[in-house]
Amino acid sequence: MIKKVLTIAGSDSGGGAGIQADLKTFQELGVFGMSAVTAVTAQNTRGVHGVYPMDAAAVASQLDAIGEDLTPDAVKTGMLFNAEIIAAAAEAINKYRWENVVIDPVMIAKGGSTLLQQEAIQAMKEVLIPLAAVITPNIPEAEALTGTQIHTEEDKREACRILHQMGARTCLIKGGHEENGDYSSDLLYDGQAFYEMKSPRIETRHTHGTGCTFSAALAAELAAGRAIRRAAETAKTFIQAAIEDTLEIGSGHGPTNHWAYRKRGTGI
Ligand SMILES: Nc1ncnc2c1ncn2[C@@H]1O[C@H](COP(=O)(O)OP(=O)(O)OP(=O)(O)O)[C@@H](O)[C@H]1O
Ligand SMILES: Cc1ncc(CO)c(N)n1
């Protein structure tokens with residue numbers, strides 16, 4: 001049976017993040033990708049030139065079109081931009097009873113551009129986080145959502161506990177932004193136990209779209225029926241390969257290599 005995964009996210013004209021990263025990742029992991037576009041961004045490896053959000057009604061209409069015909073086995077959200085679009089996403093998830101919901105609470109692009117309005121953070125906490133099978137913040141996003149500061153391992157654990165109390169069934173804080181030089185370590189908490197996934201930090205500037213790619217891989221694996229830890233481990237292996245096997249595209253922060261994981265597995 002073909003598994004279907006829906007991404008509700010923004011378009012990245014540069015092809016490395018957003019909807020484009022999600023659909024490429026879904027394809028690589030053997031699931032059928034679908035998308036509801038929340039915003040069009042004009043972006044390349046040097047930065048964001050423009051952000052053009054969709055009307056929330058246009059997002060709702062895309063979600064209804066999918067919901068009436070093509071039940072997804074997992075859903076991921078990325079850039080949602082404002083409270084109205086967050087409400088439209090939450091409404092569809094509730095209405096169609098979609099499961100395996102991965103919330104990647106995208107807020108700011110690596111160059112500093114706003115991908116989520118500050119005043120929408122409250123809406124994310126109230127209507128979206130309670131629907132999350134997994135939430136995958138990076139460290140600044142976890143800080144913004146919990147109102148804490150994360151410096152130590154214990155700070156990360158505390159942020160995970162808070163996000164779990166807010167209603168996310170699993171919290172997975174990504175360590176790409178950590179100051180610690182040797183490892184990139186992600187922390188998973190399911191309300192009972194902590195589970196750390198650690199990989200050697202790769203020295204590179206080509207990390208555009210790492211978060212989108214990671215959460216898309218996680219959603220694809222959940223759709224395929226994997227348990228959360230196993231899905232997260234595959235997502236970690238997928239992103240490690242994608243960063244390591246660099247493409248050297250563009251003059252700024254280039255995209256990751258979405259086909260590196262498959263290439264390694266099959267010897268292509
Ligand atoms: N230099 C690196 N070496 C190894 N792994 C990395 C590196 N940078 C990020 N990662 C991994 O990539 C995944 C995404 O983490 P990150 O914290 O970069 O997400 P993000 O900030 O949301 O990304 P983006 O906003 O660019 O989409 C995590 O699994 C993290 O451990
Ligand atoms: C559209 C979009 N979504 C997410 C990110 C975060 O990487 C980005 N840069 N652009």
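Note that ligands are numbered from 1 as they come in the structure, with each ligand's atoms numbered from 1 the same way.
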Indicate yes or no for a side-chain donor-acceptor contact from [X] to the backbone of [Y] under 3.5 Å, with no hydrogens or angles considered.
| X | Y | result |
| --- | --- | --- |
| Arg264 | Phe238 | no |
| His208 | Gly254 | no |
| Ser11 | Thr41 | no |
| Asn44 | Gly47 | yes |
| Asp186 | Gly175 | yes |

Using the salt bridge (Lys or Arg N to Asp or Glu O under 4.0 Å) criterion, which residues pair with Asp64? Sequence neighbours excluded. Lys95
Any idea which atoms of ligand 2 are less than 4.0 Å away from a heavy-atom of [X]?
| X | result |
| --- | --- |
| Val106 | 4 (C) |
| His208 | 9 (N) |
| Gly10 | 1 (C) |

In the protein, which heavy atom is nearest to atom 10 (N) of ligand 2, and how far is it?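 Answer for atom 10 (N) of ligand 2: Gln43 NE2, 2.9 Å.
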Within the heavy-atom cut-off of under 4.0 Å, ligand 1 is lined by Lys110, Asn138, Lys174, Gly176, His177, Ser184, Asp186, Pro200, Arg201, Ile202, Thr207, Gly209, Thr210, Gly211, Cys212, Phe214, Lys236, Ile239, Gln240, Ile243
Indicate, as side chain, backbone, both or neither, the part of [X] found under 4.0 angstrom from ligand 2 when only non-hydrogen atoms are considered.
| X | result |
| --- | --- |
| Lys110 | neither |
| Leu115 | side chain |
| Cys212 | side chain |

Determine, using the 4.5 Å side-chain heavy-atom cutoff (strictly less than), whether Leu115 and Ile8 are members of one ILVMFWY cluster. no
